[in-house]
Amino acid sequence: MAHHDERILAAAQKHAIVPLEQGQLYKYGTAGFRMKADLLDGVTFRVGLLASLRSRKLNSQTIGVMITASHNPAVDNGVKIVDPMGEMLEQDWEHLATNLVNAPTPEDLVQYYNQLATDLKIDLSAPAKVIYGRDTRPSGHTLVTALAAALEATETEQVDYKILTTPQLHYLVRATNTEGTPTSYGEVSEVGYYKKMADAFVRALKGRRINGPLIVDCANGVGGPKLAEFLKHVPQDKVNFEVKIVNDDVLRPEVLNLESGADFVKTKQRAPPKPAPQPGVRSCSLDGDADRLIYYWIDPDTGFFMLDGDRISSLAASFIGDLVESAGLKDELRIGVVQTAYANGASTNYIRSHLKLPVMCTPTGVKHLHHVAQSFDIGVYFEANGHGTVLFSPDALRAFKTTEPQSPAQQDALTTLAALSDLINQTVGDAISDMLLVEVILAHKNWSLRDWAMTYNDLPNRLVRVVVGNKDLFQTTDAERRLSHPEGAQEQIDAAVKKYKDARAFARASGTENACRVYAEAATNSEAIELAKQVAQIIERFGGNSQ
Ligand SMILES: CC(=O)N[C@H]1[C@@H](OP(=O)(O)O)O[C@H](CO)[C@@H](O)[C@@H]1O
Ligand SMILES: [Mg+2]
């Protein structure tokens with residue numbers, strides 16, 4: 001025991017943890033640790049210790065660490081751990097991360113680190129490997145120094161991939177752990193990621209023409225330079241993909257996510273004001289770390305129209321469902337769609353009634369959706385905010401490759417499915433990969449965004465944030481669609497919902513902010529607004545005193 005005590009102790013003193021106000025604790029949440037960057041040096045050091053422990057626990061497999069605060073302002077940053085197959089950190093370890101980070105002194109830290117090793121039967125002399133990347137935030141540079149110090153102190157092999165999108169880091173973790181095996185995920189390099197995706201893009205398009213230019217707003221984040229790099233790998237002689245990258249200034253941190261990006265477009269329900277929107281042109285926005293995607297266009301007649309995660313999900317499910325049928329695999333492969341309670345009710349209805357596919361609902365946070373999507377052969381999952389992907393099971397991948405086609409149409413469907421399984425990032429939602437998927441589908445269907453939008457009409461809806469005295473009073477059940485506590489609150493929400501046609505509403509405590517969120521939808525816009533207001537008032541009444 002006491003393998004690296006001296007080294008950890010010395011390094012921990014240089015990367016001290018900053019005590020939070022009023023005895024509050026750091027918490028590993030949906031997005032790892034995320035806050036003002038100047039609080040994160042000690043946190044990142046300690047996350048490095050945990051990543052090293054996790055690698056040693058999992059037979060020396062490679063673990064990833066991503067430094068990003070996604071769509072938050074430039075002064076924030078964050079750090080999260082990626083598991084060996086490119087998935088989010090296993091939930092059981094989230095509270096270990098919380099405990100390790102909150103150890104009060106360097107001595108306590110070393111003691112807890114050793115205790116974890118003992119409790120989890122981790123051999124501290126086994127090899128360990130951690131790879132990492134960061135988005136374009138200036139603070140990422142110093143946080144990486146803290147991370148590297150923890151890896152050095154614990155004699156963990158490390159690779160610094162420098163600036164990456166979040167999904168690229170997830171790709172690299174899986175590629176590293178599957179290198180040289182039959183399930184190799186791709187070349188272990190950033191270029192390997194571009195090559196795999198460009199090749200799959202060409203194969204999936206099958207010579208179909210992309211209908212007009214695409215404007216991509218990159219939120220002045222890491223997606224800009226990475227998309228530009230990707231495009232260099234797309235063979236211009238085979239694909240007519242005309243992309244105009246906008247908001248790609250990564251040299252001025254103050255403009256990161258400022259009035260641009262997928263989160264801005266989704267929450268404000270309007271196009272980024274700069275550059276001036278071009279009516280009629282197909283447009284999309286990535287978020288600051290390029291794992292979320294929203295499409296939209298400005299209609300010369302009716303104005304702004306947005307196609308969010310629910311739309312991408314139903315588009316993908318419809319296209320892949322048709323291909324599976326043409327491939328003769330309908331009875332063999334189970335396709336399903338996974339959503340959260342925030343999915344528009346019209347999308348759920350469309351997928352169930354029109355596409356005739358099962359829809360499952362999970363609590364908020366992509367790790368929950370990802371997990372349930374894995375229970376299908378083809379699991380399509382998206383949050384309404386534009387984060388999501390499509391997962392293919394080993395059985396599905398095998399079927400695409402080994403089914404003997406009886407007709408050219410069947411062969412065509414099988415090869416398109418195989419190409420899609422390479423194009424779509426299997427580890428996590430990936431805005432660049434999802435964007436290419438959408439472009440492929442629109443090209444196959446010869447659809448404009450207007451055609452896509454016509455598949456169903458969204459129910460009018462409202463999402464409001466309610467600050468209460470104590471958000472922890474609000475506990476949910478039924479995938480967050482109902483409140484179990486405080487007692488009596490749900491009955492009042494039910495009574496309010498009953499007053500409106502086609503209405504639905506729910507309230508829950510946010511996992512990322514100190515507030516509750518209320519969502520309401522109804523047959524008309526004014527009713528959705530009224531209902532949201534009434535439910536917000538109920539939440540305020542039950543929410544404890546705000547000081
Ligand atoms: C309504 C909403 O958009 N909630 C977001 C938000 O979670 P909250 O727990 O609602 O704060 O941040 C999560 C992490 O980015 C994201 O997964 C989720 O979709
Ligand atoms: Mg993001």
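All residue numbers refer to positions in the sequence shown, counting from 1. Whatever order the structure lists ligands and atoms in, that order sets their numbers, starting from 1.
A cation-pi arrangement is not found for Arg270 relative to Phe264, the charged atom failing to lie both closer than 6.0 Å to the ring centre and inside a 45° cone about the ring normal. Judged by the 6.0 Å and 45° rule, Lys196 forms a cation-pi pair with Tyr185.
Inspection of the Thr166 and Asp291 side chains reveals no N or O donor paired with an N or O acceptor under 3.5 Å. Side-chain atoms of Glu530 and Tyr500 form a donor-acceptor pair, as typed in the model, at a separation below 3.5 Å. No side-chain donor from either of Asn425 and Thr389 sits under 3.5 Å from a side-chain acceptor of the other. Between Ser285 and Tyr296, the side chains place a donor N or O and an acceptor N or O closer than 3.5 Å (distance only, hydrogens not considered). In this structure, a donor-acceptor pair under 3.5 Å is present between the side chains of Tyr193 and Asp430. In this structure, a donor-acceptor pair under 3.5 Å is absent between the side chains of Tyr342 and Glu383.
Atom CZ of Phe542 sits about 9.5 Å away from atom CD of Glu487, to the nearest 0.5 Å.
Ligand 1 lies under 4.0 Å from heavy atoms of Arg292, Tyr342, Thr364, Gly365, Glu383, Asn385, Arg508, Ser510, Gly511, Thr512, Arg517.
Only protein N, O or S atoms were considered, and those under 2.8 Å from the Mg ion (ligand 2) are Ser70 OG, Asp287 OD2, Asp289 OD1, Asp291 OD1.
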